[in-house]
Amino acid sequence: MRFMEIFTSLVLVAFAGYAGAWYFGSIEGNFALLLFFATVVTGAYWLAERFYFLLRRRRAAQAIEDGALQRRAELDRLGIRQVDGDVQEAKARILMQPWWLDWTAGLFPVIATVFFLRSFLFEPFKIPSGSMIPTLQAGDLILVNKFTYGVRLPVIHTRIIEGNPPARGDVMVFRYPPQPSVDYIKRVVGVPGDEVAYFDKRLTVNGQAIETKALPDFLEEDSMRYFKQFEETLGERPHRLLQNPDVPAFVQGASNFAYRENCRYSVEGVACKVPPGHYFMMGDNRDNSLDSRFWGFVPEGNIVGKAFFVWMNFGNLGRIGAFH
């Protein structure tokens, strides 16, 4: 048992050290990988507890009870009726899980449930920036549907069950192509085979201008500035977008991404032919969004899921609810 205490202490210190280094920026963490290892490790302890350690404690408790019965029978034979000691208390202490099993096997059901829900059903995300204003705001805590676009294995991201392909207008979370360990959220503007053009801040898809309608100016509270607001119908449902007339349409600083030859850049903007198995993404805050105009297309393998619900915003509870 002493060995297991020391070994478990080292395991917990390793997990805490990884989380601490990640929190303080010393390493680039991977929560999915951390949760996977936590599930495996606590699952191993849970199996060991169920099929070995618990059985051993029960045998030890039974041995105490059997010994107490034998001792009582011997004392009865000698005519002694008063017996000291509480056998039940001793049994309860022996059957109690030690701390190193409480912190491993005891946590397995919770960790396994979180791992399953997060990997295959719904995953929470926090919106870190204003690139999706006014649809999503910085500080929104959202839920992402992990099975709409197909079920994928955690960590390795291999799709094992086909789902619906992303559609124009969907708000999608994906792994940022230049840095796949980072998750991004944008709106799907172009699907495989589409010709997407954004010239003079007007969006066209396959030669068809996307319908827009002017709305009252939007007050961005963090900067206390008003921006031009429009309603755009991309896909089945309309959504709102912002434009800053002070920002030119020219795309400055586009990187050398895969399939860059599919794009044409000019002072008016950019036009791209979306390659097979890829998607063209844009933020709703059009002049304050680092999106496919700058770093290229999102491969199908980078898809995480479809965002659909704001479950909390601690600064504005009125944000809670579904969004389009």
Side-chain angles (χ1 to χ4, degrees), residues 125 127 129-145 148-149 163-174 184-223 225-245 247 249 251 268-272 274 278-293 297-298 303-311 313 316-324:
F125 283 89
I127 302 300
S129 69
S131 68
M132 285 297 292
I133 294 174
T135 304
L136 295 170
Q137 299 185 13
D140 282 348
L141 301 176
I142 66 170
L143 287 178
V144 174
N145 186 314
T148 294
Y149 301 138
N164 299 319
R168 298 187 201 97
D170 287 356
V171 178
M172 188 170 79
V173 173
F174 54 93
Y184 263 37
I185 182 168
K186 305 291 180 187
R187 190 176 297 276
V188 179
V189 171
V191 299
D194 280 348
E195 177 80 27
V196 177
Y198 192 67
F199 290 131
D200 294 325
K201 302 190 179 183
R202 290 300 306 271
L203 177 65
T204 63
V205 178
N206 299 325
Q208 299 294 319
I210 302 302
E211 179 184 350
T212 60
K213 181 176 66 175
L215 297 176
D217 289 353
F218 180 86
L219 174 63
E220 209 283 302
E221 295 182 358
D222 288 341
S223 62
R225 294 180 59 191
Y226 282 94
F227 294 95
K228 295 296 182 182
Q229 182 176 208
F230 299 88
E231 182 182 84
E232 181 180 78
T233 302
L234 183 65
E236 296 181 356
R237 294 178 175 176
H239 63 272
R240 293 181 296 158
L241 63 90
L242 301 183
Q243 289 181 351
N244 183 354
V247 176
V251 178
E268 291 86 9
V270 60
C272 292
V274 184
H278 290 72
Y279 296 87
F280 193 91
M281 314 296 296
M282 293 180 69
D284 290 346
N285 194 352
R286 292 286 165 82
D287 294 312
N288 186 27
S289 174
L290 185 65
D291 50 38
S292 288
R293 293 171 290 177
F297 309 100
V298 175
I303 293 174
V304 174
K306 181 179 180 179
F308 70 100
F309 192 84
V310 177
W311 64 271
N313 184 312
N316 183 1
L317 297 181
R319 297 283 306 154
I320 297 174
F323 60 86
H324 303 315

Where the side chain of [X] meets the backbone of [Y], is there a donor-acceptor pair that is under 3.5 Å apart?
{"X": "Glu232", "Y": "Thr212", "result": "no"}
{"X": "Arg187", "Y": "Gly169", "result": "yes"}
{"X": "Asn316", "Y": "Gly318", "result": "yes"}
{"X": "Asp287", "Y": "Asn244", "result": "yes"}
{"X": "Lys186", "Y": "Phe280", "result": "no"}
{"X": "Asp291", "Y": "Gly283", "result": "yes"}
{"X": "Ser292", "Y": "Met281", "result": "yes"}

What distance do [X] atom [atom1] and [Y] atom [atom2] have between them, rounded to the nearest 0.5 Å?
{"X": "Thr233", "Y": "His239", "atom1": "OG1", "atom2": "NE2", "result": "8.0 Å"}
{"X": "Gln229", "Y": "Leu241", "atom1": "CD", "atom2": "CG", "result": "8.0 Å"}
{"X": "Asn285", "Y": "Leu136", "atom1": "CG", "atom2": "CG", "result": "11.5 Å"}
{"X": "Leu290", "Y": "Met282", "atom1": "CG", "atom2": "CE", "result": "12.0 Å"}
{"X": "Asn206", "Y": "Arg168", "atom1": "CG", "atom2": "CZ", "result": "5.5 Å"}
{"X": "Thr204", "Y": "Phe199", "atom1": "OG1", "atom2": "CZ", "result": "7.5 Å"}

With a 4.5 Å limit on heavy-atom distance, are the side chains of [X] and [Y] in contact?
{"X": "Tyr184", "Y": "Ser131", "answer": "no"}
{"X": "Ile133", "Y": "Phe227", "answer": "no"}
{"X": "Asp170", "Y": "Tyr149", "answer": "yes"}
{"X": "Gln137", "Y": "Ile127", "answer": "no"}
{"X": "Lys306", "Y": "Val144", "answer": "no"}
{"X": "Lys201", "Y": "Arg286", "answer": "no"}
{"X": "Tyr198", "Y": "Val251", "answer": "no"}
{"X": "Phe309", "Y": "Ile142", "answer": "no"}

Heavy atoms of other groups near Glu211 CD, more than 12 under 6.0 Å: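 Incorrect, the count does not exceed 12.
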
[X] versus [Y], closest heavy-atom pair with distance:
{"X": "Arg319", "Y": "Pro134", "result": "NH1-O, 4.2 Å"}
{"X": "Ile303", "Y": "Pro166", "result": "CD1-CG, 3.6 Å"}
{"X": "Asn313", "Y": "Ile320", "result": "N-CG1, 4.4 Å"}
{"X": "Tyr279", "Y": "Val188", "result": "CD2-CG1, 4.2 Å"}

Restricting to salt bridge (charged side-chain N to carboxylate O under 4.0 Å, His left out), what partner residues turn up for Glu195, sequence neighbours left out?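 Per chain and number, Glu195 pairs via salt bridge (charged side-chain N to carboxylate O under 4.0 Å, His left out) with Arg264.
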
Check against side chain to side chain contact (heavy atoms under 4.5 Å, CB included), Asp284 and Arg240: CA-CA 7 Å; Asp284 290 346; Arg240 293 181 296 158; over 6 Å; no

